[in-house]
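Just so it is clear, the model here is predicted, and its values are computed rather than measured. Quick note on labels: first sequence line is chain A, next is B, and so on, each numbered from 1.
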Amino acid sequence: MNRILEKKQLSETVFQMQIDAPLIARERRAGQFIILQLCEDYGERIPLTIADADADAGTITIIFQAVGDTTKKLAQLNAGDDIAALVGPLGTPTHIENFGRVVCVGGGIGVAPLHPIVQALKAAGNHVTIIMGARNKELMILEEEMRAMADELIVCTDDGSYGRKCLVTEPLKELCEQDPRPNLVVAVGPPIMMKFCVETTRPYEVPTQVSLNTIMVDGTGMCGGCRVTVGGETKFVCVDGPEFDGHLVDFDNMINRLGSYKKQEEAHKCRCMPDNP
Amino acid sequence: KDRMAIPMQEMPSQDPMVRRSNMEEVAIGYTPAQARIEAERCLQCKTAPCVKGCPVSINIPGFIKAIAEGDNKKAVDVIKESSLLPAVCGRVCPQEAQCQAPCTVGKALKSVDQAVSIGRLERFVADWEREQGLVEKPTVKPATGKKVGIIGTGPAGLTVAADVRREGHDVVLFEAFHKPGGVMVYGIPEFRLPKAIVQKEIDTLLAMGCELRTNFVIGRTRKITDLLEQDGFDALFIGTGAGLPRFMNIEGENLVGVYSANEYLTRSNLMRAYDKERAQTPIFESEKVAVLGGGNVAMDAARTAVRLGAKEVHLIYRRTEAEMPARVEEIAHAKEEGVIFHFLENPKRILSDEKGWVSGVECLRYELGEPDDSGRRRPIAIEGSEFEIDLDTVIVAIGNDSNPLIRQTTPGLDTNKWGNIVADENGKTSLSRVFAGGDIVLGAATVILAMGEGRKAAKAMNEMLAKD
Ligand SMILES: Cc1cc2nc3c(=O)[nH]c(=O)nc-3n(C[C@H](O)[C@H](O)[C@H](O)COP(=O)(O)OP(=O)(O)OC[C@H]3O[C@@H](n4cnc5c(N)ncnc54)[C@H](O)[C@@H]3O)c2cc1C
Ligand SMILES: Cc1cc2nc3c(=O)[nH]c(=O)nc-3n(C[C@H](O)[C@H](O)[C@H](O)COP(=O)(O)OP(=O)(O)OC[C@H]3O[C@@H](n4cnc5c(N)ncnc54)[C@H](O)[C@@H]3O)c2cc1C
Ligand code: SF4
Ligand code: SF4
Ligand code: FES
């Protein structure tokens, strides 16, 4: 159980792993995530989206960016290694139906969580336009996979090293101005990107779904650490989400909460894994 | 009369100034000599009023007599006829409100504090048995080929596992977390209930042949209906606890630095964030903390904050000390450790600095009015009494509701208006072959009640399986 079957490096800091997890592979739906831990005694529990799954083979795929302690250690594991703890699928699946014209916006690592959503939207018969953005060409992931599924694909980079030189909000705005307007926008990426996507679609009243990546502990609704303010109400991302109506999310509060442990995380040197002092 | 003259034996404890900065157990436990003296205080009352105070009716005079006679093994055996977790219950039961409340000695000496220390004696013999290596693996009857699934590994689930396994049924325990034990592991801190004691109980279950599947969320990884219809389970027990933190719905509750007690305690206990050298899970390094609430959970959060190095820990409760639901001993320990108690006060809103972090609370003062439904006098806010306390952390410990995951994913399972599963006196739910007990049925209650419900449900389950 939880054996890494395959590992691929997608960019300097982004890795893809296929993991043996038959029960999760069978149950998971688009929008759901797992929580993993690299050491049951001292390890941290971190959430990662199930980017893809094969129910027959009993495998799930995760794609993650090595940003901190746990993700960097995870990146050092290889095919044949086991992940100490893996639980899921968690979260409420994405609501999928034939909406008509859908624009999916993925920023940076956010393209990974977007992947299963696009899959499901396509399977339900939607016309899907994908906007993929990254800081530079190096950081662009899953382009082939997205191109294969999209009815239309727009690629942009902040520095112009690939595709259009712009932020994802620029093509998003153009699409909102077109007739007919998109019936739905799905935005997944860094909180600041989601915040600006939501501001972009707001004047056009295009429903905009976002997938929030708050800090989590249990992932089952027990701790409340993942809570966000949505439409003035407190919601737990791990059970009520991770997807919410972006026009109602208090992004400033969410971004503040993500920074809760910055000081400790930067200072932290972990001795949990013996081979990694 | 002579017995009444024997002084009550105080519990040896770590010095408050020392224990403020360690996670080790506060109460050290009776010495064998102390235990015998304390046991001699028991009058062996014929009517044994103490037994009626114990939710699982332990034969209290019986086990105390054995201690007084120096037969500790017999004492444990007497307790184990009724309770499976004496080392735990001896530590965490609210004895002053249960077995010790009606004790004749306490009544005669006009103070429940002077009652026979039943809980301490129970703990003593349970620890003695464990330390002597005398804990025996209960015998398991020949295999019946029947399979029972237990969801949640708190005291309710662990009890059912032991009682059902003994009858020879296969037992699989499912636990959402990576470690079993429920609140005994993620909620109640090490300094009150060492995790090694809970682990020992689990080791015994594993030695009996129970299977444990951690990192397994029923309702997500598998649903109740799948377990019954596809995975071949003949009966299920739901003991998923009351794990949904309540908040106060006041302004500022989602600021950085506001935690539920569940989160704060889980980070510290289960994730071991107090062990800063080794643990990867961070915990906020607070200077000034306020804990809101007056139960055991609030005491545990406040005392954990002290141990994690906070300079000031305030406990804010809107009634008076007399109404506090926490155990008397916990309140006393918290005071000794320097927790600052505020009675008849309650926050109106949580204040923020310019970065969205907690900077304090604005409180109102209260007075007590007429009794409410619970019989406690209702606190009433005094208008215009606002004042502020400077803080960087607020921990909300005002209670837990039941987690909706199972309810939402199990058609046909009846729940009440609070979301608790409805079960009859034998733990039977509205679904055939599905039983439930503990906090998921009772609402947030106690370890001994969860254990007691588990015993009753296990009995009914064993009877049902025997008839199949
Ligand atoms: C539902 C959900 C799905 C997610 N899916 C993915 C995914 O598919 N791929 C992926 O790479 N990441 C995903 N994340 C984010 C991922 O959980 C974090 O990157 C991870 O927890 C960081 O852990 P760490 O120990 O490596 O870094 P830490 O040492 O904990 O943190 C490093 C830095 O990252 C910041 N950070 C911490 N937690 C988060 C977070 N949750 N989101 C953003 N920044 C954070 C910290 O402030 C710090 O600056 C998801 C998060 C959620 C809640
Ligand atoms: C901080 C704190 C202090 C306390 N102090 C005391 C005290 O001093 N004395 C006392 O008597 N009582 C105390 N209590 C109350 C006592 O701990 C509980 O009443 C008791 O633990 C309830 O037992 P339980 O078996 O019903 O559930 P729990 O102990 O809550 O265990 C439930 C288990 O089920 C798991 N679970 C939940 N959902 C799922 C799912 N869908 N699938 C799989 N697993 C699942 C949970 O992860 C958990 O491990 C305290 C509680 C807390 C929170
Ligand atoms: S189980 Fe609790 S209530 Fe019963 S005798 Fe022991 S300490 Fe008292
Ligand atoms: S009531 Fe008190 S004195 Fe009487 S039997 Fe019980 S413990 Fe002993
Ligand atoms: S992560 Fe604990 S409640 Fe959501």
Side-chain angles (χ1 to χ4, degrees), chain A residues 1-2 23-24 26-28 32 35-46 68-70 73 84-91 215 217-229 233-234 236 239 250 252-261 263-265 267-272, chain B residues 175-179 183 186-187 213-217 219-223 226 240-247 249 252-267 270-273 275-285 352 355-357 396 400-401 403-405 408:
Chain A
M1 279 281 269
N2 309 340
L23 290 174
I24 302 176
R26 178 160 60 173
E27 290 294 320
R28 74 92 205 194
Q32 290 188 298
I35 284 189
L36 64 77
Q37 219 184 345
L38 299 179
C39 157
E40 291 202 329
D41 283 328
Y42 296 102
E44 186 176 25
R45 295 168 62 97
I46 66 157
D69 227 24
T70 305
K73 286 205 187 85
L86 185 72
V87 57
L90 302 171
I215 292 175
V217 184
D218 59 303
T220 62
M222 191 279 285
C223 76
C226 61
R227 64 198 192 282
V228 285
T229 314
E233 273 181 56
T234 293
F236 289 7
V239 284
D250 181 345
D252 293 336
N253 177 244
M254 180 198 156
I255 292 168
N256 281 338
R257 289 183 62 83
L258 265 178
S260 304
Y261 296 104
K263 209 175 73 192
Q264 281 106 307
E265 265 146 8
H268 192 254
K269 290 270 177 298
C270 176
R271 276 149 230 150
C272 170
Chain B
E175 169 55 48
F177 266 127
H178 52 283
K179 290 226 169 102
V183 170
Y186 79 70
R213 304 202 59 182
T214 50
N215 299 301
F216 204 112
V217 184
R220 291 278 189 235
T221 316
R222 267 333 242 159
K223 298 193 175 60
D226 301 332
T240 47
L244 185 77
R246 256 181 241 153
F247 286 91
N249 298 318
E253 210 151 36
N254 293 344
L255 292 168
V256 183
V258 184
Y259 295 92
S260 73
N262 283 4
E263 180 182 359
Y264 194 75
L265 290 169
T266 300
R267 282 178 183 273
L270 181 73
M271 308 308 293
R272 307 198 189 184
D275 189 344
K276 287 178 192 150
E277 283 293 299
R278 285 188 285 185
Q280 268 182 297
T281 302
I283 195 156
F284 204 56
E285 280 161 22
S352 166
K355 295 186 311 196
W357 293 50
V396 184
N400 280 294
D401 293 323
N403 190 304
L405 198 51
Q408 286 165 354

Under 3.5 Å, is there a donor-acceptor pair between the Asn262(B) and Ser260(B) side chains?
no

For [X], which atoms come within 4.5 Å of any heavy atom of chain B: side chain, backbone, both, or neither?
| X | result |
| --- | --- |
| Glu233(A) | neither |
| Asn256(A) | both |
| Glu40(A) | both |

Below 4.5 Å, heavy-atom pairs only: which of Lys223(B), Lys179(B), Arg220(B) has the largest tally toward chain A?
Arg220(B)

Could you work out, with side-chain hydrogen bond (donor to acceptor under 3.5 Å, both in side chains) as the rule, every residue matching Arg45(A), not counting sequence neighbours?
His178(B)

How close do Cys39(A) and Tyr42(A) get, counting heavy atoms only, and between which atoms?
SG-N, 3.4 Å

ring-ring contact (aromatic ring centres under 6.0 Å, His included) involving Phe236(A) - partner list, sequence neighbours excluded:
none

Say whether, by atom type as modelled, one donor and one acceptor occur between the side chain of Gln32(A) and the main chain of Gly91(A) under 3.5 angstrom.
yes

What part of [X] gets closer than 4.5 Å to chain A, counting heavy atoms only: side chain, backbone, both or neither?
| X | answer |
| --- | --- |
| Gln408(B) | neither |
| Val258(B) | both |
| Phe247(B) | side chain |

For chain B, find which of Ile24(A), Thr70(A), Ile35(A), Asp252(A) contributes the most heavy-atom pairs closer than 4.5 angstrom.
Thr70(A)

